[in-house]
Structure formats: C-alpha cells, structure tokens
Amino acid sequence: MKEIPCFVTKGDTFTRHTSRSRTTHNAARHSPRRPSPRRQSPRRKSRVSVRLPIILFFVCTSVLPAQHPNAFTYRTDIQGTAGRLSDRFWTAGITATHSSVDLPHAEHYVAQASRGTLAQSRFTAGLYRALPWGFTARPDPAYVAMADVSMLVGARNALGAKVTYELQDEESEYRSSTFDCVNVVATWDHYARQELRIRWGVGFGYWHTRYELKDYPGRPTIILRNPIEEEWSFVLENEVDMVLSWGGYRHRAMLEVGGEIGQIHYEAAFETVINERHTIGPIVHWSLFGGQGGALSEIGLGAAWRWYIIPQCYIQFAPRYLGSLWDSDYSEFEYTGVVGVRL
C-alpha cells in the first residue's frame, strides 16, 4: 500500500500511523509465505509520532520567510497633499521620507511626532505647487522643491544638509517679475532621549529677482535701472520633536536675515491620541516678512484630525484661519487634506 505524504497535525499523524500498522499486520497474517512482522511496542510508536511533527516544523520554518516581529513598523512614508486657499489658489504636493531603521507605531498607532525621536539616518524629498483657482486677475503659480539628508553619527547625533528651492512668477498690469530663492542649510540632530529630538540648522540663502515692464501703445518706453536684483541672506533653523504622555508636540522655526530682506517663520502642532485610530490637535502658525515692498505679518490658527484606516494608510484634514496682526482686511481660510502611505 503506497502512502500519500501530506502536512498534517500531530493528532492526524498518530491516526494515520496507527491505520498503516493495522493494514500491514492484516496483509501479513493472510499471506502464508511472509513471516508475521515484529510487533512494535507502544513506546516505539509514541517516539515516531512525536518526531514526525517536529521534523515537519523545522522543514517549514527553514523554507518559509520569517515574519517581522512587529507588524506595525515602517521605513518609508509618502504623503500626498492638496489644499485650497480662499477662492484663489489650489495647492498640491508630495513628500517622501525614508529611514534606515524601522520606525514603530508603538503598540498600535502613534502620534506623528514620535517617529522623529528615534535615532536614525533618513532622506526626505518633496515637491509642491500652487495653482490659480479659476480665472483670476493674477495667476501666480509657485513651485517649491526640497531635499533633506541626515546621517547618524554615533548613538545620539546626526549630521546632514537641507536644500530648498522656490520659484514664483508674478503678473500685474504694468510689469511681470520672476522670483526664485535657494536656501542651503547644514543640520545637526541631537537625540537627547527616545522621547526628544532637537535640530539646529545654519546656512545661507540666495535671492534672485528679474523685472520686466510691459509696453502699452502711446506710452514711452521705460527702461528699468535695475532689472535684476540679487540678495544674500543668513539662515538659522530650529526643530523639536517631543513625545508626551498624552500625545506629541513638534515645531519648526526659521530666521532669515539679509541686506534688505528679513523673515521669521514659526509653526507648531500638538497631537493628542484619542484612540488607536484617531488623533487630533491644534496647529499654530506665525510669520513676518520684510522687504523693499514693505512688511507683511501673518498668523494662522487651526486644527488637524488624522484617521489611521489601516497601519499602512491614513488620511488627515486640517482647516486653518489666516489673518494679519495689523491688516484687518486680510482674512482667509485654508483647507488642507493629506493622504499618507507607510511602507
């Protein structure tokens, strides 16, 4: 009788072994030419029935790939962003972050700030674009691209560099201008402990603006004295990621000072874990910009709500109000949505 091999449980193995012994014993008893086989003791049968599942276990574990001990970890985070500013502009962008180590979701899910407190080497790249909404009098598209690389040096420090490029075209009734800016910053990350990361960045910025006047019939041609303007600036940045008992806190601050240009940006976010799938928290933004055309101050207040659909995918919605400290006519609402995928 030919036996068909199969993967079975321990109980099934013992049953099949007993049936095969009985069949062999009956066939030998009815055949006069073959001697009756030696009867196996219960102790020997027990050893065979125990060894077979152990052998199968080692064969399966050596062939099949081992499962990661923590199914809630990731290394790459890709975010797609879309937003609407008042009734004039749409914004769209994508950001990708890759780490050299596994980033945990804690036991289930975790506040966004906690991923930055783990000592790691990482690479971040992003591209954003602002589009005019409908038929506007001033379609001013803008592009922003950035890349951030940091390498771990020792157990609690990382060194790197960040490059940001911005391009914007402005059109008016009398002239058109093209503005671009490049910031190059050297960064130092210090992981004080597992719940805190502090970054300092020092670098420079290069501003380049080109003006061009528009011609009108019956108006004499006007020649600009300085059609091209260049400006160098000093850049100082600070970032903090902190994990607290109730959630997380993070902020980004930048100071840039040049000959005729100066700006300050500060943005903070608080994230509270509601349950294993939802987080919510306020966001605060303040900026001050000064140049040849005057000064502009902007303040923003809003909230961000995040829903983890599965550990590898989440969505976020963040409405925000934008206003000015000294211009009461400046009042806008910004709505931003984010879809994130973690791999």
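When ring centroids are compared, Phe317 and Trp307 stay outside the 6.0 Å threshold. If you look at Trp232 and Tyr206, their ring centroids are closer than 6.0 Å.
Between the side chains of Glu267 and His265, no donor N or O sits under 3.5 Å from an acceptor N or O. With no hydrogens or angles considered, a side-chain donor-acceptor pair links Tyr314 and Gln79 at under 3.5 Å. Checking Thr209 against Glu229 by side-chain atom types alone, no donor-acceptor pair falls below 3.5 Å. The closest side-chain donor-acceptor pair between Tyr143 and Arg129 falls under 3.5 angstrom.
Comment: Glu237 does not engage Arg252 in a salt bridge, judged by the lack of any side-chain N to carboxylate O separation of less than 4.0 angstrom.
Contact annotation: the side chain of Leu301 approaches that of Val284 to within less than 4.5 Å [non-hydrogen atoms, C-beta and beyond].
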Full working for side chain to side chain donor-acceptor pair (under 3.5 Å) between Tyr308 and Arg277: CA-CA 5 Å; Tyr308 291 91; Arg277 289 185 178 270; over 6 Å; no

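Around CE of Met146, the count of heavy atoms belonging to other residues, nucleotides or ligands within 6.0 Å exceeds 12.
Residues satisfying the side-chain hydrogen bond (donor to acceptor under 3.5 Å, both in side chains) criterion with Gln120, sequence neighbours excluded, are Ser99.
Checked by atom type and distance alone, the side chain of Arg320 never pairs as donor or acceptor with a backbone atom of Gly300 at under 3.5 Å.
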